[in-house]
Structures are given as structure tokens and as C-alpha cells.
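Okay, structure first, notes after.
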Amino acid sequence: MNSTKPVRRSISSRIKIDRSKCIGCLGCMAACTVSHEGHSPRNRVVSSTDNVNSPIFCNHCDLPECTYTCMSGALAIDKDTGHVQYNSEHCGSCYMCVMGCPYGVLRPDKLDSKVAKCNMCAHLDEDTTRCVSRCPMGAIVLEKGE
């Protein structure tokens, strides 16, 4: 049996959530949809049976199952940021990454049948993500570096 430990990579920033502050307004989802020009949001908010709201975002995992299950190479770790990035031009829409994500974050995009995957708003020239900047309760924050 191979007992080698995986190498932990450096990640420039992660989205952190304080569930006690979330009021379930879905502002983060709306901001994400607007940021991605009407495509499906890359996040979601679920409510438990006891009405606790839980925003769910891509964890940009240390060992991302989505990258291991992607047969086309559309998902890869960005060497500069450590984030898992998605290239829709390489995507074959097989949804193996959707099935492989242990957190249920990835899902088919409703507009183009590709994959809705958080890119940490890399397409914007801003210091933070739209979901973080639009959360009225401060439940979502961007934590820099590791």
C-alpha cells in the first residue's frame, strides 16, 4: 500500500463563510449570475430543516476530485493562484466533474450545457469576488493566502 502524503499546495485566497450571519437573501447567487452574464451561479444557498442557511462555494480543494475525474483536461490547478480553473473550450460536457465533486458544487450551466464552476471572479479586475462584495451581512469573506 502506498503511504505517501499528498503535497499541500499554496492557495492565494479562499472564500470563507460564517453561517451564523447568513440570512438566506441569495444576494451572493444573484451577484454571481450577473458577474457571469446570466449564466448559472457558481454558488448556492441551502437551508436545513431547522432553517439554518448554508452558502456553498467551490473549496478549490487540496486534492480536487473534479480535476481527477475530468477526462478532457478542462479543469486544472492554476500554478500562480492554486485555484482550480475551468476552460469551457476543452469541456466535453460529460459531467464527470459534477459527479466527482464531493460537495455538490459543480453543476451543468443552464445556458450552454457546460459546467458552472467558480473562477474566483478571475475574469474581473477587482480585489475580491462579487459574492463577497455583495453580501449585505458580511457572511462571506475572502481569506488571503495560506
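Quick caveat: nothing in here was measured; it's all calculated off a predicted structure.
The minimum heavy-atom distance between S133 and T128, with the atom names listed, is CB-CG2, 3.8 Å. Counting all heavy atoms, side chain and backbone alike, V115 lies closest to C91 at CG2-SG, 4.2 Å.
Applying the side-chain contact (heavy atoms from CB on, under 4.5 Å) test to Y68 and every residue at least two apart in sequence or in another chain returns L63, P64, E65. For V46, the side-chain contact (heavy atoms from CB on, under 4.5 Å) partners are R44, S54, I56, not counting sequence neighbours. Partners of S47 by side-chain contact (heavy atoms from CB on, under 4.5 Å), not counting sequence neighbours, listed by chain and number: N53. Considering only residues two or more places apart in sequence or on other chains, A31 meets the side-chain contact (heavy atoms from CB on, under 4.5 Å) condition with R130, R134. Every residue meeting the side chain to side chain donor-acceptor pair (under 3.5 Å) condition with D50, not counting sequence neighbours, appears here in chain and number order: S48. Annotation: side chain to side chain donor-acceptor pair (under 3.5 Å) contacts of D18 (sequence neighbours excluded): S20. In terms of the side chain to side chain donor-acceptor pair (under 3.5 Å) criterion, D127 has no residue partners (sequence neighbours excluded).
L124 belongs to no multi-residue hydrophobic cluster, having no ILVMFWY side-chain contact under 4.5 Å with any other such residue. Other members of the hydrophobic cluster containing L142, listed by chain and number, are I15, I17, F57, M120, V132, I140; membership follows side-chain contacts under 4.5 Å among ILVMFWY residues, whether direct or relayed.
Note that NE2 of H90 is 11.5 Å distant from CG of L75, once rounded to the nearest 0.5 Å. Rounding to the nearest 0.5 Å gives a distance of 8.5 Å between CZ of R14 and CD of E143. With rounding to the nearest 0.5 Å, the separation of CG in N87 from OG in S72 is 8.5 Å.
Screening residues 29-39 for side chain to side chain donor-acceptor pair (under 3.5 Å), with sequence neighbours left out, gives S35-H123, H39-D109.
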Stepwise side-chain contact (heavy atoms from CB on, under 4.5 Å) test for V84 and C66: CA-CA 9 Å; V84 176; C66 60; 3.8 Å; yes
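With hydrogens and angles disregarded, a donor-acceptor distance shorter than 3.5 Å links the side chain of D78 to the backbone of D80.
Residues H83 and S12 are in side-chain contact: their nearest non-hydrogen atoms beyond the backbone lie under 4.5 Å apart. Taking 4.5 Å as the limit, every side-chain heavy atom of S40 sits out of range of all side-chain heavy atoms of L111.
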Do any side-chain atoms of residues 92-105 form donor-acceptor pairs under 3.5 angstrom with protein atoms, and if so which ones, sequence neighbours left out?
residue : atom : partner : partner atom : Å
S93     : OG   : S113    : O            : 2.9
Y95     : OH   : S113    : O            : 2.6

For residues 22-30, dump all side-chain donor-acceptor pairs below 3.5 Å to protein atoms at least two apart in sequence or in another chain.
none

